[in-house]
Participant: 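Sharing a structure here in structure tokens format.
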Amino acid sequence: MSDDIIEKTKTTGALYFSGIEGEKPFELWRSFDKDLGRDLSLFITGKLYAREKIPHATRQLVTVAVLTVLSRPEELKLHIQAALNVGCTPEEIAEVIFQTFTYGGIPTVNTALKLLRDVLKEKAQWPIAG
């Protein structure tokens, strides 16, 4: 991999995941296969997430929507935190979660909203002012 991809991976990873507690996917992958974990991280974070076709905030809101509909709570919590890190507001994240109702159903929306509330509590941003 080029030095450019390594730098993009570090920069984008710090933007999305700084200050997030708990095991990150990269750490899990690396614990099983160091080389594959590195390759996955360089591709996902350094090539895919670092693309400048859409803003980071938009990318994270799309990710929150997809993970809500797929009902992937662990990954969703990570990306709610990343969405906040890249400048999404709690209100924007909640709206995106509500938008998924038609496609994912109320149970998935409820689970996602509970995760959002948990993250906001952890960050001392709950309740939402407004």
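The chain is numbered in sequence order, starting from 1.
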Participant: To the closest 0.5 Å, what do you measure between CG (Leu36) and OG (Ser41)?
Facilitator: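 Atom-to-atom, Leu36:CG and Ser41:OG are 11.0 Å apart.
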
Participant: Show the numbers, then the answer: is there a salt bridge (charged side-chain N to carboxylate O under 4.0 Å, His left out) between Lys114 and Asp118?
Facilitator: CA-CA 6 Å; Lys114 288 175 186 176; Asp118 290 347; over 6 Å; no

Participant: Quick one: do Lys24 and Trp29 satisfy side chain to side chain contact (heavy atoms under 4.5 Å, CB included)? Show the steps, please.
Facilitator: CA-CA 9 Å; Lys24 294 168 191 66; Trp29 306 332; over 6 Å; no

Participant: In Å and rounded to the nearest 0.5 Å, what is the CD1 to CG distance from Ile6 to Leu42?
Facilitator: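 It is 6.0 Å, given to the nearest 0.5 Å.
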
Participant: Roughly how far, to the nearest 0.5 Å, is CG of Asp3 from CD of Glu7?
Facilitator: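 With rounding to 0.5 Å, CD (Glu7) is 9.0 Å from CG (Asp3).
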
Participant: Side chain to side chain contact (heavy atoms under 4.5 Å, CB included) between Gln81 and Glu21: does it pass, once the steps are laid out?
Facilitator: CA-CA 10 Å; Gln81 294 169 319; Glu21 300 290 323; 5.9 Å; no

Participant: Checking Ser2 side chain against Ile5 main chain: does a donor-acceptor pair fall under 3.5 Å?
Facilitator: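 Judged by distance alone, yes, a pair lies under 3.5 Å.
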
Participant: How long is the span from the CD1 atom in Ile80 to the CG atom in Asn85, to the nearest 0.5 Å?
Facilitator: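 If I round to the nearest 0.5 Å, the distance is 12.0 Å.
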
Participant: Just how far is it from atom OG1 of Thr12 to atom CZ of Arg59, taken to the nearest 0.5 Å?
Facilitator: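 If we round to the nearest 0.5 Å, Thr12:OG1 and Arg59:CZ are 9.0 Å apart.
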
Participant: Look at the side chain of Arg72 and the backbone N and O of Leu70, then say whether any donor-acceptor pair between them is shorter than 3.5 Å.
Facilitator: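 Checking the backbone N and O of Leu70 against the side chain of Arg72, a donor-acceptor pair under 3.5 Å is found.
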
Participant: Atom CG in Asp39, atom CD1 in Ile44: separation rounded to 0.5 Å?
Facilitator: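 It is 10.5 Å, given to the nearest 0.5 Å.
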
Participant: Parallel under 30°, tilted from 30 to 60°, perpendicular over 60°: which one fits the rings of Phe17 and Tyr49?
Facilitator: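 Taking Tyr49 first and then Phe17, their aromatic rings sit tilted (interplane angle of 30° to 60°).
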
Participant: For the side chain of Arg117 and the backbone of Pro127, is there at least one donor-acceptor N/O pair under 3.5 Å apart?
Facilitator: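 Not at all, since once roles are kept as given, no pair shorter than 3.5 Å links the two residues.
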
Participant: Show, in sequence, the C-alpha distance, side-chain angles and deciding distance for Lys77 and Glu122, and conclude whether the salt bridge (charged side-chain N to carboxylate O under 4.0 Å, His left out) test is met.
Facilitator: CA-CA 12 Å; Lys77 182 176 181 182; Glu122 290 169 8; 2.9 Å; yes

Participant: For Leu76, which of Leu67, Thr63, Thr108 qualifies under side chain to side chain contact (heavy atoms under 4.5 Å, CB included)?
Facilitator: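 Among Leu67, Thr63, Thr108, the one meeting side chain to side chain contact (heavy atoms under 4.5 Å, CB included) with Leu76 is Leu67.
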
Participant: Output, in order, the C-alpha distance, side-chain angles, deciding distance and verdict of side chain to side chain contact (heavy atoms under 4.5 Å, CB included) for Thr11 and Leu15.
Facilitator: CA-CA 6 Å; Thr11 301; Leu15 175 66; 5.7 Å; no

Participant: Let me see the working for Glu91 and Val96 under side chain to side chain contact (heavy atoms under 4.5 Å, CB included), right down to the final yes or no.
Facilitator: CA-CA 9 Å; Glu91 294 85 358; Val96 164; over 6 Å; no

